[in-house]
Structures are given as C-alpha cells and as structure tokens.
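Structure, as structure tokens:
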Amino acid sequence: MHDLDYFRQNLPRFEEMARLRNLTLNFAEFIELDRQRRQLITNVESRKAQRNKASEEIARLKKSGQDAAAVITEMKAVSDGIREDDQRIAEFDLRLNDFLLVIPNLPHVSVPPGGPDQNREVRRWGQPPNFDFAPRPHWEIGERTGILDLPRAAKIAGARFAVYKGPGARLERALANFMLDVHTREHGYTEILPPFLVNTASLLGVGQLPKFASDMFHLEGTDLWLTPTAEVELTGLYRDETIDAETLPIKVCAWTACFRSEAGAAGKDTRGILRQHQFQKVEMFKFTRAEDSYEELETLVANAETILQRLGLHYRVMLLATGDMGFAAAKTYDLEVWLPSAATFREISSCSNCEAFQARRAGIRAKPKAGKSAFVHTLNGSGLAVGRTWLALVENYQQADGSILIPEVLRSFMGTDRIEPLKQSAG
RNA sequence: GGAGGAGUGGCCGAGUGGUUGAAGGCGGCGGUCUUGAAAACCGUUAGACCCGGAAGGGUCUCGGGGGUUCGAAUCCCUCCUCCUCCGCCA
C-alpha cells in the first residue's frame, strides 16, 4: 500500500507505473473522493470540538445544580449529525482503501521498463553438465529409481501433487536441512517454524489479498487460508508492531509447505513436479532500515546463490522488468536453474525488495533512539524452492547407468553418495 | 468441547458514566547537586489523522469492532487473546 500523501503528490509516477504494468486505474475519481473525504472530516471534527465543549458545560451545570436540559437537547441534534457524517466518512474510507489496496508497488529506478522480454540477465554461474546420452526429464528418472510416485499422489489428492519415496523423500528432507543449516549457521538468519495456515489480515499485509484470492486455497467456514509462501507468515511476525531500530536488520528464514491453487496455470508445466499445489520452500526474509534495503537485497540474492553453488547447479541471475514483477515488489531478481531435459533455465528463487509497501500495509515500524518511527523495508527471497531444487538436482546429476549422483554437500544428510535405479519394476 | 477469570500508556498499577490522554510507582531522557558516580530533588517522557505557509488549533485512540448516552476506560452486544479447572487428543 502506498502512502496517501505521497500518492496525492506524485500522481504522474503512479500513472506511469500503471501504464508499465498494463493497469487501468481511475486516479481522477480517487483524487476527488479523497478531497471530499477530507472536507467532511474537517467539518465533522469542528462539530465534535463543539460537542466536547458542551459536554464540559453540562458537567459544570449539573455539578452546580443548574438545569442543563437546553444544552442537552441542542447537543442531541449535533450528535445525530455527527453520527451520520461519521458513517459517510467510513464509507469514503472503505472506497479509498479498496482502491489503494489494489495498486501495486512502484518499481525502483534501476528496474528496466517493459514486459518479461525486457528481463535482464545479470550474471551466470557454472556450466551445464555434459551428457554422453540424452538426459531424461525428472519424472522419468523418478520413476526408474522409484523415488517419485505421481500416479499414487493423484490417487491420494489429485493432479499436481507428489509422493516422494525412500531416498526421494530423504533427498527432499536433506535439501531443506542443508539450506536451513547454511542460512542459519553461515548467513545469520534465525530459523522460524510458523503456522502453515494464515488469516486474511496476514495476507492483506503482504499484498496477496485482496487481488489474488483465486490463487490460494481457502478453508471453508473459517478465516484461514493455506499459506502460499512463508513470506506471509514472516511478514506477519511483526504485523502492527514497532520494532527497536537498533535491532535491524532482522533476518529470519523458515522451511514451510506452500500451497497454490495454480488457478491460472491450466495446461502449463503439467508433466513432472515443476508446478504443484503443494511444495516445500525455504524462505529468507529481512526487515531493514530504508537506507539499507538495496544493499541487503544484493546479499539476499548472494545467500540464495550460495545454495546453488554448493550444490553445483548451473544458474543465471535475472533482473526482472517492471511488467514481470510481483504486486508488492519494487525490485526483483530471479534465480533460474539449468534443466538439462528441457535445455532451459527455470525459476528456482525469487528475491525482492518490497521497500515500505508491505510494512505500510502490515503496520511494521521501527523506532530509532532519537527521532520518529518509520516503516521498515521488507525483503523476501526463496533460498530455495526445495521441490524445484530436488528436480534440478535429479536431472543435473543423472548418470548413464540410471543412477543419481549425490553432491558432496548432501552426502552426510543422505547417508549415501548415489541413488540407484530399481533392479526391476516394483511398487 | 464445557465452566469460570482477566485484558488500561515502555513496564507495574489506580480508575465502574462528566475538565481522565488517563492518578501513583518503576524504567527512559534532560537538569540541579557532586572531583566522578550513586542517592536525593526538579522537569520531561504515546501515536495516527484533519485544518494551517508557519505559529498554532482540532479530532481520534484504555485488546478489536459495534451499540446505548448530550457525554463511555467506565453500561450493553460481539469477536480476539491470555489464565484456571474439567473433558478429549498427537
């Protein structure tokens, strides 16, 4: 959400942003509503001042045993008028708020304008592995090694769910443990294990609601939703709080399941486990001072890259263009990992600086020793999407004999250096 | 799930319809005193919003929301959170 005052004074910037994001918003109507609302407030508040004075007068009269009936009658009418106008103001607030809540964040000046074709490759690490055979897609490898069972997942829950089995299940767990260990021991993040169900207020705070309700699973008859990303819980950690500025930056990370309805993705990535209704993710999150947030974004990206590098996975870093960024982001880097079976890069992490956009919605401030409190900046990044790391690893480390090599850093977690193919078909 | 109790400022804690945005204490900050410190004493110590060029003025906020009333921290309704007991349960 944007600062109303800033919004009023920088309309051209917002109009430009709306154009870049391909949105039609009636700014003129908003400005007029805002003007009327303030007029009403000024008017009603002067009557409240009058009423407050009269209340003192009544108290005084009664105390000295005099009759206050005349003043009370007069104030009755004034109070009725105030009540009516308070209601009108509340309606204005609602309409203005509804409008503000659906305006996305403004992109940072360093973000290239345009659609996804304007995304800029910032750097590239490693090499694609060399195969002297045709690399298989992960669902085939999963089946031949017996570590992934999609038909049975479909039986249990439906399409876009996975059952991991044996070393496959263990690999998922190993990856999550490895990531959490690196972030907590080496990168200074505090591990959080949050609820996987979140309420509406938390989702409004990150900007997931009101616009993206159809992308999530809602629990009927409750105010609860399955979390689409731990970003929701981690932002919610300090919702409606004022933090001591001395403690910034606060760095937290969390392993959670994430749930997406993938409502708009019918027919996209239907094979394999690239796009699932449930996947696990290790999320990194920072609350920072405004002046530090862009520096912190760079280290956040570096923290995510560390994981890919230790796993020996070839990737590239993309700076997203204005039209490809999420709703709350001011600047986003995507990490894209190499998938041999498709010979392309696919997103495995997204790291964003949301500046004060979420903090303003969620009411997260920081108070310095001297001076006024200010909204913090929030940053989030996957470090990494575990499910996608799993499949990238399986594809990149597949061997000619059908086995999967386990990278050095995972062996202590896996208790083996290799996942063997099944000897024969078995359940 | 059932029964009961409680939510006041950074913290503790008064306050059950009328100068109470809120006594008192602690803590914090500034000062006096002191070679320095402590103690003592004095002062100070929320935020959001509206009008205004500013000075300043005003409104709102006692867990959240709604209601009663000329007027609500105080009365009513509702939701949330915490505590105690019973039941159930990983």
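Here is how names work: the chains are called A, B, and so on, in the same order as the sequence lines, proteins then strands, and each is numbered from 1.
At B:G71, one or more side-chain N or O atoms of A:Ser79 fall inside 4.0 Å of OP1 or OP2 (strictly under the cut-off).
Between B:A55 and B:G67, the distance separating the two C1' atoms is 41 Å to the nearest Å. The gap from the P atom of B:A72 to that of B:G17 amounts to 14 Å, rounded to the nearest Å.
Looking at A:Glu233 and A:Thr227, their side chains do bring a donor and an acceptor atom within 3.5 Å of each other. Under 3.5 Å, the side chains of A:Ser55 and A:Asn52 contain no donor-acceptor pair of N or O atoms.
Atom C1' of nucleotide B:C49 and atom CG of A:Asn97 are separated by 14 Å, given to the nearest angstrom. Atom CD1 in A:Ile72 sits about 11 Å away from atom C1' in B:G18, given to the nearest Å. Atom-to-atom, NZ of A:Lys367 to P of B:G47 comes out at 6 Å; the value is rounded to the nearest Å. Distance CD1 (A:Ile243) to P (B:G10): 16 Å, rounded to an integer number of Å. To the nearest angstrom, P of B:A72 lies 14 Å from CE of A:Met75. Counting to the nearest Å, the C1' atom of B:C49 and the CG atom of A:Asp3 are 12 Å from each other.
Pairing partner, B:U74: none, since no Watson-Crick or wobble contact has both distances short of 3.5 Å. When both distances must be under 3.5 Å, the Watson-Crick or G-U wobble mate of B:G7 is B:C80. Of the nucleotides present, none pairs with B:A23 by Watson-Crick or G-U wobble criteria with both distances under 3.5 Å. Across the strands present, B:C41 finds its partner in B:G31; the criterion is a Watson-Crick or G-U wobble pair with both atom distances under 3.5 angstrom. Nucleotide B:G17 forms no Watson-Crick or G-U wobble pair with any nucleotide shown, as no partner meets the under 3.5 Å limit on both distances. The pairing partner recorded for B:U61 is B:A46, the criterion being a Watson-Crick or G-U wobble arrangement whose two distances lie under 3.5 angstrom.
Qualifying side chain to side chain contact (heavy atoms under 4.5 Å, CB included) partners for A:Pro116, counting only residues two or more places apart in sequence or in other chains: A:Asn119, A:Asp324. A:Glu347 meets the side chain to side chain donor-acceptor pair (under 3.5 Å) test with no other residue; sequence neighbours excluded. Listed by chain and residue number, A:Leu197, A:Phe217, A:Leu219, A:Phe259 satisfy the side chain to side chain contact (heavy atoms under 4.5 Å, CB included) test with A:Leu226 (two or more places apart in sequence, or in another chain).
Applying the salt bridge (charged side-chain N to carboxylate O under 4.0 Å, His left out) rule to pairs touching residues 34-46 of chain A yields A:Arg8-A:Asp34, A:Glu32-A:Arg35, A:Asp34-A:Arg38, A:Arg37-A:Asp93, sequence neighbours excluded.
Comparing A:Ile58 and A:Ser373, the nucleotide of RNA chain B nearest to each residue sits closer to the 5' end for A:Ser373.
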Each nucleotide of nucleotides 50-67 of chain B classed B (base within 4.0 Å of a protein heavy atom), S (only sugar-phosphate) or -, in 5' to 3' order, makes BS------BBS-------

Under 3.5 Å, sequence neighbours excluded: what are the donor-acceptor pairs made by side chains of residues 240-252 of chain A?
| unit_1 | atom_1 | unit_2 | atom_2 | d |
| --- | --- | --- | --- | --- |
| A:Asp244 | OD1 | A:Glu246 | N | 3.1 |
| A:Thr247 | OG1 | A:Asp244 | O | 2.7 |
| A:Lys251 | NZ | A:His187 | O | 2.8 |

